[in-house]
Number of protein chains: 2
Amino acid sequence: MAIPRPGEKVRGSLSGSPINALFDLLGRRWALGILWQLDTPSTFRGLQALCGGVSPSILNARLKDLREADIVERSSVGYALTARGRELRALIVPLGAWSADWSADLFGVERPGMRDRVAAEGATDL
Amino acid sequence: MAIPRPGEKVRGSLSGSPINALFDLLGRRWALGILWQLDTPSTFRGLQALCGGVSPSILNARLKDLREADIVERSSVGYALTARGRELRALIVPLGAWSADWSADLFGVERPGMRDRVAAEGATDL
DNA sequence: CCGTAGCGCTACTAAAACAATAGCAATGGG
DNA sequence: CCCATTGCTATTGTTTTAGTAGCGCTACGG
């Protein structure tokens, strides 16, 4: 699957504006999870484990997408975020705290201090 | 498709942690776009148009997901974000500015002032 | 050398999600 | 009653994702 290009049509419809291109990309399965887990660089198999055993085919496809989009790159220590990717990740980090509240309110799940850990450390093991 | 519940397995794998449940939800097609467009309440067909003509079946499915997740609700003026949904949307608004930069750098697309408009007004017509 | 282990990744099949189109029941004018 | 609009379902066909197996490569230790 080609990465969505602003200015062209994006998967079936839409104006192809930048935000929609981004949403198309991030709306693919595991894209957000990969971004989240790549806080620290990981090997392919390491990342696969972090993502709960995603199938390698889809992991590879998503990594390819994210590399073409200049969000992820291969380094000596495995896959890592680019500078731009780190900026993007910084924007989605607050979702961690939001999801903790959401989960607690909606499902009654509670994990004391989780909010603060996320806010303070950007913990990835939610 | 059932909404992802923290604590249970999420679509095939993962730990079922809150952030992963959220990523599962937002990783479905149009979920992010709907959140983005629901800045102002819209009717079903209005929202469909805003999203570039999404098919009604998938729009309906996504609205159902988002309503079960207490992110979207039906009001007298159509579909609208809940209080929680507005909080979530606020977190993704910065993606608009990021996507504008990303698009400009990666594809050479340029629209003067877009960044500022997004930052100042939260423009949705990117 | 040879076996073993880890790595990145491809191939294949089955299941699920999504897209596209048509159209129905309900509501509210004119 | 007629017509337009709305929310939505039904149906069909395509695309994407899941799940599993395993190949080629590199780097060991023996």
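Naming convention: chains lettered A, B, ... in sequence-line order (proteins, then strands); numbering from 1 in each chain.
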Requested in this report: Show your working on side-chain contact (heavy atoms from CB on, under 4.5 Å) between A:W30 and A:L35 and close with a plain yes or no.
Outcome: CA-CA 8 Å; A:W30 295 109; A:L35 199 57; over 6 Å; no

Atom [atom1] in [X], atom [atom2] in [Y]: separation rounded to 0.5 Å?
{"X": "B:L38", "Y": "B:L66", "atom1": "CG", "atom2": "CG", "answer": "8.5 Å"}
{"X": "B:L88", "Y": "B:L26", "atom1": "CG", "atom2": "CG", "answer": "6.0 Å"}
{"X": "A:R67", "Y": "A:R74", "atom1": "CZ", "atom2": "CZ", "answer": "5.5 Å"}

Requested in this report: Output the residues of residues 58-76 of chain B in contact with DNA chain D, where contact means a heavy atom of the residue under 4.0 Å from an atom of the strand; sort by number or write none.
Outcome: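 Result for residues 58-76 of chain B: B:N60, B:R74, sorted by number.
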
Requested in this report: Quick one: do B:N20 and B:D24 satisfy side-chain contact (heavy atoms from CB on, under 4.5 Å)? Show the steps, please.
Outcome: CA-CA 6 Å; B:N20 284 323; B:D24 184 357; over 6 Å; no

Query raised in the report: Would a distance-only check, ignoring hydrogens and angles, find a side-chain to backbone donor-acceptor pair under 3.5 Å from B:W102 to A:A69?
Result: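 The answer is yes, because a donor-acceptor pair under 3.5 Å joins these two groups.
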
Requested in this report: Kindly determine whether A:F23 and B:L95 satisfy side-chain contact (heavy atoms from CB on, under 4.5 Å), including the steps that lead there.
Outcome: CA-CA 9 Å; A:F23 285 166; B:L95 293 181; 4.2 Å; yes

Query - side-chain contact (heavy atoms from CB on, under 4.5 Å) between B:L63 and B:F44, worked out - result: CA-CA 9 Å; B:L63 284 171; B:F44 187 94; 3.9 Å; yes

Rounded off to whole Å, could you give me the [atom1]-to-[atom2] distance for the [X] and [N] pair?
{"X": "B:I34", "N": "D:dG7", "atom1": "CD1", "atom2": "P", "result": "13 Å"}
{"X": "B:F44", "N": "D:dT5", "atom1": "CZ", "atom2": "C1'", "result": "14 Å"}
{"X": "A:R28", "N": "D:dT15", "atom1": "CZ", "atom2": "P", "result": "14 Å"}

Query raised in the report: Got a minute to check which stems DNA chain C is part of, using Watson-Crick or G-U wobble pairs under 3.5 Å, three or more consecutive?
Result: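 Stem segments, range with range: C:1-30 with D:1-30.
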
**Report entry** Those residues that, when tested against A:E68, pass side chain to side chain contact (heavy atoms under 4.5 Å, CB included) (two or more places apart)
**Finding:**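 A:E68 satisfies side chain to side chain contact (heavy atoms under 4.5 Å, CB included) with A:I3, A:K64 only.
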
Report task. Please determine, for the side chain of A:T43, which listed nucleotide (D:dC8, D:dT6, C:dG8) has the closest atom? Result ->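 Output: C:dG8.
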
Side-chain donor-acceptor pairs under 3.5 Å in residues 46-62 of chain A, sequence neighbours left out?
unit_1 : atom_1 : unit_2 : atom_2 : d
A:Q48  : NE2    : A:V54  : O      : 2.9
A:R62  : NE     : A:D65  : OD2    : 3.1
A:R62  : NH1    : A:R29  : O      : 3.0
A:R62  : NH2    : A:D65  : OD2    : 3.4

Query raised in the report: Using a cut-off of less than 4.0 Å, is there contact between a side-chain N or O of A:R29 and OP1 or OP2 of D:dA18?
Result: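 Yes, within the criterion.
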
Report summary line: Each nucleotide of nucleotides 21-30 of chain C classed B (base within 4.0 Å of a protein heavy atom), S (only sugar-phosphate) or -, in 5' to 3' order, makes BB--------

Identify every side-chain donor-acceptor pair in residues 75-85 of chain A under 3.5 Å, counting partners at least two apart or on other chains, and give the distances.
unit_1 : atom_1 : unit_2 : atom_2 : d
A:S75  : OG     : A:V77  : N      : 3.2
A:S75  : OG     : A:G78  : O      : 3.0
A:T82  : OG1    : A:D70  : O      : 2.8
A:T82  : OG1    : A:I71  : O      : 3.3
A:T82  : OG1    : A:R84  : N      : 3.4
A:T82  : OG1    : A:G85  : N      : 2.9
A:R84  : NE     : A:D70  : OD2    : 3.3
A:R84  : NH1    : B:D105 : OD2    : 3.2
A:R84  : NH2    : A:D70  : OD2    : 3.4

